[in-house]
Number of protein chains: 2
Amino acid sequence: MEGSGFTTGALATALRADIAEGRLLPGAPLRQEELALRFGTSRIPVREALRTLQAEGLVDYSPNRGATVAIVTDTEIQEMLEVRIALESHALRLAIPNAADADIAAARAILAEYDAAPSPESWAAMNWRFHWALYLPCECRRLLDAIERNFKHFSTAARTKISALAGKDRPQREHHRLLDLVGRGRADDAVALLTEHIRDTQRSIRATGRAG
Amino acid sequence: MEGSGFTTGALATALRADIAEGRLLPGAPLRQEELALRFGTSRIPVREALRTLQAEGLVDYSPNRGATVAIVTDTEIQEMLEVRIALESHALRLAIPNAADADIAAARAILAEYDAAPSPESWAAMNWRFHWALYLPCECRRLLDAIERNFKHFSTAARTKISALAGKDRPQREHHRLLDLVGRGRADDAVALLTEHIRDTQRSIRATGRAG
DNA sequence: CTCCCGCTTGATGTATCCAATCCTATTTGT
DNA sequence: ACAAATAGGATTGGATACATCAAGCGGGAG
């Protein structure tokens, strides 16, 4: 009989979105039966989707106890930012010699949108689009994949929280400087700035983690 | 009924090993029925295991056509080595200030075994154990996880081929120098050497790729 | 010879059952 | 009265059987 045409892949996509956008909160149990009912399928595609998400690290699985949305502690966020530094510094270094005028222009256009963006949610989205635009010319698909995979472990909520925490001015100033350095081909300086840029985020999280 | 007690997780582990150790060659089709028969289970755990491996990138999946062992081209090996540089340079830099005498001693012990290792297969294994020992003190689990995940995409066969290609002497010389630099806390030099060490591998693969 | 149809193969999904396990709450023993 | 044992319900994990669907092939018809 029919359902909503949800297949395993579509199910995984839907769950990923639910997690990323905070409709499913960290720690929430993911009951197979309930999800099957909600998506109009049997339990089997649900289980397969959950396995996929588990392998991606978005879901914690314990045998005979089922899946829960992965909880990401502040420590883990720090570690994910450390991975960001590792991957994105290198991608940036590879990208700079390849960056064409069109690439720079694209990044500049995103910064312009950024300047006009009103809310922390939009800052977070713009922020990522800008960074991504910088890495794109690196021409190393697996590196970009790794960056994206790491990025997906930050929920939209977490990103928005971080953006709100950092405000808009200082990151945006750094973005402009970063783009300038990239445009001049100053790889070492750009990488150093990017590293500091991410370390700033680490510091502000550490600070709020202590405060509450 | 019976079965060999294979559960989804065990099945994924077994398949991972079969792929890593070359019993399942790249491009080989993974038929659900056949695997179910071989492992004495039904198709359901097989499918879940395949989904897991797909998410890990060890298996290619096309809708309605099933799974095949992922094909890793020379280009992709180059890219995976690029990811190695990104992740492992950073892990090494973080590890060096944390490296205790016991860590150095452990790495040195592995190098001693390495010196005695006879065959390319054992070189490859030792090589990894040595590198891993260097990164371990970085105290950043997610970084180590990312390194391991990337590493698992090299099959044992590929690693052995690479080891045979590079021989034993030059890598081993570099390993000794690397350990020496780590022991003295010379982070910048160690990272530079590690990068060159991996770039050497890239070059020798590029060379054989051209030759045949 | 080429194109199209239909058959076969294998993947995907459903429904139903059963076993194992975990959680909870109740009962039991001291 | 309180801790330990246990019984029951809920949930996952897996087996089996069946239905459906897409892709590849093989054999004719044009």
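Naming: A, B, ... by sequence-line order, numbering from 1 per chain.
Side-chain N/O atoms of B:T7 include one lying less than 4.0 angstrom from OP1 or OP2 on D:dG14. Between B:Y61 and the phosphate of C:dG10, there is no side-chain N or O to OP1/OP2 separation shorter than 4.0 Å. Checking the phosphate oxygens (OP1, OP2) of C:dT9, no side-chain nitrogen or oxygen of B:R65 falls inside 4.0 Å. Listed pair A:R43 / D:dG13 fails the phosphate criterion, with no side-chain N or O lying under 4.0 Å from OP1 or OP2. Side-chain nitrogen and oxygen atoms of A:T8 include at least one within less than 4.0 Å of the OP1 or OP2 phosphate oxygen of C:dG13.
The CD atom of A:E48 sits 12 Å away from the P atom of D:dG14 (whole-angstrom rounding). Distance, A:R51 CZ to D:dT12 P: 12 Å, rounded to whole Å. Across the protein-nucleic acid pair, B:Q54 atom CD and C:dA11 atom P stand 14 Å apart, rounded to whole Å. To the nearest angstrom, C1' of C:dA11 lies 11 Å from CG of B:L50.
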Could you go through the side chain to side chain contact (heavy atoms under 4.5 Å, CB included) check for B:R142 and A:E82 one step at a time? CA-CA 9 Å; B:R142 284 186 107 99; A:E82 209 60 53; over 6 Å; no
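Checking A:F130, A:W128, A:W123 one by one against A:H175, the ring pair (Phe, Tyr, Trp, His ring centres under 6.0 Å) holds for a single residue, A:F130.
Under the 4.0 Å criterion applied to side-chain N and carboxylate O atoms, B:D200 and B:R203 are assigned as salt-bridge partners. Looking at A:D18 and A:R38, a side-chain N of the basic residue comes within less than 4.0 Å of a carboxylate O on the acidic one, giving a salt bridge.
The residue B:L30 sits close only to the backbone: its heavy atoms come under 4.0 Å of sugar-phosphate atoms, none of a base. As judged by a 4.0 angstrom heavy-atom cut-off over every strand, A:R47 is placed among the base-contacting residues. Backbone-only contact: A:Q32 has heavy atoms under 4.0 Å from sugar-phosphate atoms and none from a base.
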